[in-house]
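Data first, discussion second: the structure below is written as structure tokens.
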Amino acid sequence: MAPSTCGALVTGAGSPDGIGYAAAEALAKAGHRLILAGLSDRVQARTAELVAQGYDACAFVGDLTDPTVVHDLIAHAGPVDILVNNAGMASGGVVDAQLPVATMSLELWRGIVDRNLTSAFLVTQAVLPGMLSRHYGRIVNISSTTGAVAGVAGDAAYSAAKAGLLGFTRSLALEVATAGITVNAIAPGWIATGSQTPAEVAAGRATPFERSGRPAEVAAAIAFLASSSASYITGQMLVVDGGNSIVESRP
């Protein structure tokens with residue numbers, strides 16, 4: 001088991017109805033000390049909600065694409081044995097523009113890749129020394145069916161970042177397995193978060209379950225992979241999409 005003094009760090013946990021906060025709630029219920037990180041002050045409100053429920057939680061606000069900020073985060077967090085790299089999809093609840101590669105600016109490309117992939121690299125790299133010294137760790141990267149399983153026109157940067165996150169997961173898993181650290185990825189499909197667009201709501205209705213998934217359903221998978229029970233699972237991607245990616249023929 002992980003030492004009780006060590007914490008669970010969840011990035012991208014500012015939205016009240018997002019996957020990050022749902023994951024934080026699930027980990028808090030499992031008895032972990034929580035560190036919630038986000039780009040805006042929203043994460044402080046989420047932390048206050050957990051504290052009001054009697055959980056041990058603290059907040060950190062900052063841009064995790066900045067190595068200096070990440071250093072400050074780790075100093076603030078203390079020992080971390082569970083890391084959920086969830087930051088990325090929407091910045092402050094604002095979804096990135098979808099543009100074809102032919103007209104996408106380098107600035108937009110870099111911003112999306114940095115937020116969805118580079119931030120995970122930086123935070124993971126920062127927590128690894130502690131995990132390695134304690135010979136225990138659980139890293140769960142939030143990828144997506146977009147990029148890792150399928151593609152969406154106009155979403156090349158996001159697709160590349162999320163597919164890249166899966167490759168990062170697999171390579172890192174091999175590097176740290178002998179130290180008792182597991183590294184896995186979750187690939188959510190259409191999930192009913194606050195940033196879900198009307199088109200995505202409609203796409204959710206076209207899944208086998210005829211609805212979008214709930215953040216808590218993704219969080220349950222995260223909590224399992226973050227648990228000591230998942231000690232022999234590493235380098236894997238768990239798709240949480242209601243069976244949507246296995247449908248070959250649609251009406």
Side-chain angles (χ1 to χ4, degrees), residues 11-23 37-40 42-43 63-66 84-123 141-169 185-215 217-218 237-251:
T11 69
S15 173
D17 47 13
I19 292 172
Y21 183 59
L39 189 60
S40 74
R42 296 191 307 170
V43 75
D63 181 358
L64 301 183
T65 67
D66 183 334
V84 180
N85 281 311
N86 176 67
M89 182 176 179
S91 178
V94 179
V95 179
D96 293 301
Q98 290 188 323
L99 294 171
V101 170
T103 59
M104 182 183 296
S105 69
L106 181 58
E107 180 183 15
L108 179 61
W109 171 275
R110 284 177 171 166
I112 293 172
V113 172
D114 282 352
R115 195 167 63 250
N116 287 276
L117 181 58
T118 305
S119 64
F121 162 74
L122 291 172
V123 179
N141 297 318
I142 309 305
S143 181
S144 174
T145 52
T146 302
V149 176
V152 175
D155 248 359
Y158 181 77
S159 296
K162 290 304 188 180
L165 194 55
L166 177 57
F168 174 72
T169 297
I186 299 283
W190 304 118
I191 307 299
T193 66
S195 61
Q196 191 178 43
T197 67
E200 291 169 344
V201 172
R205 295 195 190 102
T207 68
F209 283 128
E210 299 182 342
R211 66 172 176 85
S212 294
R214 295 184 291 271
E217 292 173 316
V218 182
M237 180 179 71
L238 176 57
V239 177
V240 184
D241 74 342
N244 193 51
S245 59
I246 64 171
V247 178
E248 185 170 341
S249 177
R250 298 183 188 273

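Numbers here are sequence positions counted from 1.
- The two residues Met104 and Trp109 make their nearest non-hydrogen contact at SD-CE3, 3.8 Å.
- Separating the OG atom in Ser143 from the CZ atom in Phe168 is a distance of 12.5 Å, to the nearest 0.5 Å.
- Side-chain atoms of Ile142 and Val84, non-hydrogen and from C-beta on, do get closer than 4.5 Å to each other.
- The backbone N or O of Ala37 lies less than 3.5 Å from no partner atom in the side chain of Thr11, so there is not a single donor-acceptor pair.
- The salt bridge (Lys or Arg N to Asp or Glu O under 4.0 Å) test applied to Glu200 returns no partner, not counting sequence neighbours.
- Rounded to the nearest 0.5 angstrom, Thr118 OG1 and Ile112 CD1 are separated by 12.0 Å.
- The heavy-atom pair separating Pro16 from Tyr21 by the smallest distance is O-CD2, 3.6 Å.
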Determine, step by step, whether Lys162 and Thr146 satisfy the side-chain contact (heavy atoms from CB on, under 4.5 Å) criterion, reporting the C-alpha distance in whole Å, the side-chain angles of both residues, the deciding distance to 0.1 Å, and the verdict.
-> CA-CA 7 Å; Lys162 290 304 188 180; Thr146 302; 5.8 Å; no
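- What you find for Thr65 and Asp114 is that their closest heavy atoms are CG2-O, 3.4 Å.
- Taken from OG in Ser195 to CD1 in Ile19, the straight-line distance is 8.5 Å, to the nearest 0.5 Å.
- Listed here is the closest heavy atom pair of Ala156 and Val101: CB-CG2, 3.5 Å.
- Note: Asp66 CG to Ser119 OG = 12.0 Å, rounded to the nearest 0.5 Å.
- With no hydrogens or angles considered, no side-chain donor-acceptor pair links Asp17 and Thr193 at under 3.5 Å.
- Atom OG of Ser15 sits about 5.0 Å away from atom CZ of Arg42, to the nearest 0.5 Å.
- Between Leu108 and Leu106 there is no side-chain heavy-atom pair separated by less than 4.5 Å.
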Go through the steps for Asn116 and Leu165 under the test side-chain contact (heavy atoms from CB on, under 4.5 Å), then give the verdict.
-> CA-CA 8 Å; Asn116 287 276; Leu165 194 55; over 6 Å; no
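- Annotation: the span from Ile186 atom CD1 to Asn85 atom CG amounts to 12.5 Å, rounded to 0.5 Å.
- Listed by chain and number, the residues in a salt bridge (Lys or Arg N to Asp or Glu O under 4.0 Å) with Arg110 amount to none (sequence neighbours excluded).
- The side-chain hydrogen bond (donor to acceptor under 3.5 Å, both in side chains) analysis of residues 242-251, with sequence neighbours excluded, yields the pairs Asp241-Ser245, Asn244-Arg250.
- The minimum heavy-atom distance between Ser212 and Gly204, with the atom names listed, is OG-CA, 3.5 Å.
- Between Leu166 and Ala148, the shortest heavy-atom distance links the atoms CD2-CB, 4.2 Å.
- When atom types are taken as modelled, the side chain of Thr145 and the backbone of Val149 share no donor-acceptor pair closer than 3.5 angstrom.
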